[in-house]
Amino acid sequence: MANPSQCLEEGAGRWPPRPPGPYSEAQRLALEELVAGGPEALRAFLRREQLPPFLSEPEVQAIARGALPPAAAPEPAGEPSLGASLDASSLTYFPERSDLEPPALELGWPGFASGAFRGLTRVEAHFQPGCGESIYGCKEAVRRQIRSARQMIALVMDSFTDTDIFKDLLEACSQRQVKAYILLDQSSFSHFLKMCKDLGVDLEQEKLMRIRNITGKTYYTRSGAKIVGKVREKFMLIDGIRVTTGSYSFTWTDGKLNSSNILILSGPAVAHFDLEFRILYARSKPINLKELSSCKKNKVLDQLVRITVASRDLTRENFLRMEFLYLRAFVGNLKRKRSWLHASREAFYVSNNAMHASPPLTKRNGSLVMRPHWIIER
């Protein structure tokens, strides 16, 4: 059979037709129209080119809302894109291998040689809502697996806000010294942080837990805008010998309301999930827990100052509110930072590294009131 070059040399004039595959140039151009002009531009393009719609309405709205323009999508410093190009063109060649070192699994990883025995092949199926006594079959099975871990837990999840399951993970790390790696979808990561804040958990203090975020594939348009996919994989490795996977997400609604299922696998199939997790971990990005903690502290201090600015009278209620905000800001950092705040009618003291731009008290109508002021860092 003649190859494409021979066909051209023989005067065929064009490349032979490519076999059907997942790539479609027409769909790529349609996506460019959607990102550049919105849903109406997409519909106009499909009518003009006489193409059938290939996106559902929820997909159209999600892509239109989620597409990041070039100015809003810079790559963070120190984490260059594995496929970034100078002209940000979708037509640019992207190398398949990166010259960046993958992140290390620094807490350790169970060592299994290729083809090593990982136990007998077993499959357990759990459904929710279940039948009989076990109506919460998926959640109960997940919690049992976490409690059975002795060395390592590796989790990939689209959304993680179930407080019961998270407490089980914390208990495994603190009481049994189990190492935990958690990869969460970037779009829902803020909800996970909110859960931790509500529980009073300081992730920076969890020395046996590594948490990173991850996205699906990223599509770059010719204009430099990008469309970021989501992570839909859901599985949990236990000690490298068992894996839990299925449609069940670690959320309250999946635990109580939604219909879902999971499979618990052991045996040779676990090796595929072992490899997949390490691939996803290499693609994931770290989170700066110190920076997050600092931002939260600064926001509370900013609120603390504005209460004094807004208050007209130095009432006991205002003092208690300031004391409460002070405790909220510094209770997690008492070991690292010894500073205190005290307010009274005569003076307003701050820590040694700050001073007032103006006296905090002034007379108004014969009584002392708080003057609007700012705290200036030295």
| message | Is a donor from one side chain sitting under 3.5 angstrom from an acceptor on the other, for H126 and E124? | response | yes
| query | Going from CG on L46 to CG on L34, what distance comes out if it is rounded to the nearest 0.5 angstrom? | reply | 9.5 Å
| field | Check: K139 main-chain N/O paired with Q128 side-chain donor or acceptor under 3.5 Å | value | yes
| request: Report yes if the side chains of L29 and E33 come closer than 4.5 Å at any heavy-atom pair, otherwise no. | output: no
| task | Please name all residues satisfying salt bridge (charged side-chain N to carboxylate O under 4.0 Å, His left out) with R147, sequence neighbours left out, ordered by chain then number. | result | D168
| said: Check this for me: does any side-chain nitrogen of one of R28 and E25 sit under 4.0 Å from a carboxylate oxygen of the other? | reply: yes
| task | Could you list the residues that satisfy salt bridge (charged side-chain N to carboxylate O under 4.0 Å, His left out) with D254, not counting sequence neighbours? | result | none
| query | What residues, two or more places apart in sequence or in another chain, satisfy salt bridge (charged side-chain N to carboxylate O under 4.0 Å, His left out) together with R144? | reply | none
| field | K230: salt bridge (charged side-chain N to carboxylate O under 4.0 Å, His left out) partners, not counting sequence neighbours | value | none
| Apart from F277 itself, what residues make up its hydrophobic cluster when side-chain heavy atoms of I, L, V, M, F, W and Y under 4.5 Å apart count as a link, directly or indirectly? | L105, L107, W109, V123, M152, V156, Y181, L183, I214, V231, F235, L237, V243, L263, L265, V270, F273, L280, Y281
| task | Could you tell me whether the side chain of F160 reaches within less than 4.5 Å of the side chain of L169, counting heavy atoms only? | result | yes
| field | Within the 6.0 Å centroid threshold, strictly below: F192 and F166 | value | yes
| message | Show me the pairs that pass side-chain hydrogen bond (donor to acceptor under 3.5 Å, both in side chains) and involve residues 37-49, at least two apart or across chains. | response | E40-R43, R43-E57
